[in-house]
There are 2 protein chains.
Amino acid sequence: MIVLKDIKKSYFLPKVTIEVLKGIDMEVAEKELVAVMGPSGSGKSTLLHIIGCLDRPTSGTYLLLDVDVSHKTDNELAEIRNRKLGFVFQSFNLLPRFPAWKNVEMPLLYSGVSAIERKQRAFEILEKVGLSHRANHYPNELSGGEQQRVAIARALINNPAIILADEPTGNLDSHSGKEIMEIFKGLNKEGVAIVLVTHEKEIAEQAGRIITIKDGVCYSGCY
Amino acid sequence: MIVLKDIKKSYFLPKVTIEVLKGIDMEVAEKELVAVMGPSGSGKSTLLHIIGCLDRPTSGTYLLLDVDVSHKTDNELAEIRNRKLGFVFQSFNLLPRFPAWKNVEMPLLYSGVSAIERKQRAFEILEKVGLSHRANHYPNELSGGEQQRVAIARALINNPAIILADEPTGNLDSHSGKEIMEIFKGLNKEGVAIVLVTHEKEIAEQAGRIITIKDGVCYSGCY
Ligand SMILES: Nc1ncnc2c1ncn2[C@@H]1O[C@H](COP(=O)(O)OP(=O)(O)OP(=O)(O)O)[C@@H](O)[C@H]1O
Ligand SMILES: Nc1ncnc2c1ncn2[C@@H]1O[C@H](COP(=O)(O)OP(=O)(O)OP(=O)(O)O)[C@@H](O)[C@H]1O
Ligand SMILES: [Mg+2]
Ligand SMILES: [Mg+2]
């Protein structure tokens, strides 16, 4: 499902080049639930953005669902992303001028679902993450943990084949964190593959495998 | 140092009023290091914003450093805030068009310190949080944990009497989290009072006292 071969990523700044990923070799099979751990600044979000077709690697080969995506156009990548992937960003990326439920329905706008059905599904999924009482709040009227749950709901709304989540429980108390993990584990049992970045040991231990990123390479748990 | 008496806070939305704080009675003495815990959405950030003079309570009395701040003007509150308090926001609030070191020196702009000394102190404090190698990066060129450490450095630069930190280790791996707590504990030994919101049990246990907020009131550890 996800195959990375010698993936490298550098950022070219005016005075210096930052080599973040120095040759990542790893795989995620269908229906797997894997956790990614590593020190702050080690390249976890960078890796997740590449897996999620949000950023391009500097070099290397990436096969997603048996298709070589290293040479796809931006439009083709957007098409794959919108149909197959659900993304929970580390910084949430909610649209400030829309209430929670409109943020959640956003991915459906491109898939031809009617406005009535979009709204209904948005409210259903907000209920699932325990936030139906905040559906009409704008992002700046929500707490940190509530914004995070809106971002999680948005990633689930399109019934994606793969969920990529970047510290999805970082702003949640342990009870809310457990609830979110139960949702992810439930979806994984139904066949959804999940790649989840976390700093929390007790979250990572619930995954089938822990991939550790260190000094720009896959250090352990790569296959 | 910090005395709250029957503090209430409601948000008045078009169709509904949200009562967040329903009568908080609590105190923090000089040189204390206290942790605040509670479920997501229970009002921890709201409480910290009121203690930090960033928001006004709907009713109740608040004494900061023996001064009743409930009736101060906005300018007077800003003056107290800039001279006495250091704030680490849950959402970092870094200025996107300035590099890390300029974000860090920002609080010194109002205190008449020369540009040369501001820059020097900014680089020193970035070194303290382990980020001198990223001093020239803009916020969107930093990882989540690195942005958090810039926000922490900014809160420390002005040698505040009180530090208010909202989930300061939420985006950090356990090693970086420990380093930040060592900095806070070192400052606390030197006499700085610290109020820190966290969801992480092993962080809260390092404080002298744990204040729990539930259903809008101080549930335990209030004095
Ligand atoms: N500007 C606002 N308008 C309306 N409601 C708000 C506003 N800001 C916060 N709220 C509501 O107030 C409640 C408390 O928010 P607060 O940010 O203090 O929670 P918190 O305890 O910090 O939660 P978390 O652990 O998720 O960060 C939330 O339920 C939130 O929806
Ligand atoms: N646009 C950019 N330009 C330059 N450097 C960048 C850029 N984005 C990220 N970096 C650098 O790349 C490194 C990896 O960043 P990344 O966000 O992948 O880390 P991370 O493992 O997710 O860390 P955290 O646990 O703190 O979220 C960091 O050291 C960061 O400074
Ligand atoms: Mg990250
Ligand atoms: Mg909060």
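Chain letters run A, B, ... following the sequence lines, proteins first, then strands; residues in each count from 1. Only this structure's heavy atoms are used, side chains among them; waters, hydrogens and symmetry mates stay out.
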Does A:Lys22, at its NZ atom, have more than 12 non-hydrogen atoms belonging to other residues, nucleotides or ligands within less than 6.0 Å?
yes
Please say whether more than 12 non-hydrogen atoms of neighbouring residues, nucleotides or ligands are located less than 6.0 Å from NZ in B:Lys5.
no
Which atoms of B:Ser176 are under 4.5 Å from chain A, going by heavy atoms: the side chain, the backbone, both sets, or neither?
side chain
Is any side-chain heavy atom of B:His137 less than 4.5 Å from a side-chain heavy atom of A:Ile18?
yes
How many angstroms lie between NE2 in A:His199 and NE2 in B:His175, if you round to the nearest 0.5 Å?
12.5 Å
Between A:Gln148, A:Arg149, A:Glu179, A:Glu146, which is the residue that forms a side chain to side chain donor-acceptor pair (under 3.5 Å) with B:Ser40?
A:Arg149
At a 4.5 Å cut-off on heavy atoms, which part of B:Leu142 comes close to chain A: side chain, backbone, both, or neither?
neither
Do B:Met37 and A:Asp173 have side chains that get closer than 4.5 Å, going by heavy atoms?
no
Could you check whether atom OH of B:Tyr219 has more than 12 heavy atoms from other residues, nucleotides or ligands sitting under 6.0 Å from it?
no
Greatest number of non-hydrogen atom pairs under 4.5 angstrom with chain A, of B:Thr169, B:Leu13, B:Leu172, B:Asp166, falls to B:Leu172
Within 6.0 angstrom of B:Lys214 NZ, more than 12 heavy atoms from elsewhere
no
Got more than 12 heavy atoms from elsewhere within 6.0 Å of CG, B:Asp215?
no
Is the closest side-chain donor-acceptor distance between A:Glu167 and B:Asn171 under 3.5 Å?
no
Give, as side chain, backbone, both or neither, the part of A:Glu141 having an atom under 4.5 angstrom from any heavy atom of chain B.
side chain
4.5 Å side-chain heavy-atom contact, B:Val16 and A:His133:
no
Distance from A:Glu200 atom CD to B:Ser174 atom OG, nearest 0.5 Å?
10.5 Å
Are more than 12 heavy atoms, taken from residues, nucleotides or ligands other than A:Asp6, located less than 6.0 Å from that residue's CG atom?
yes
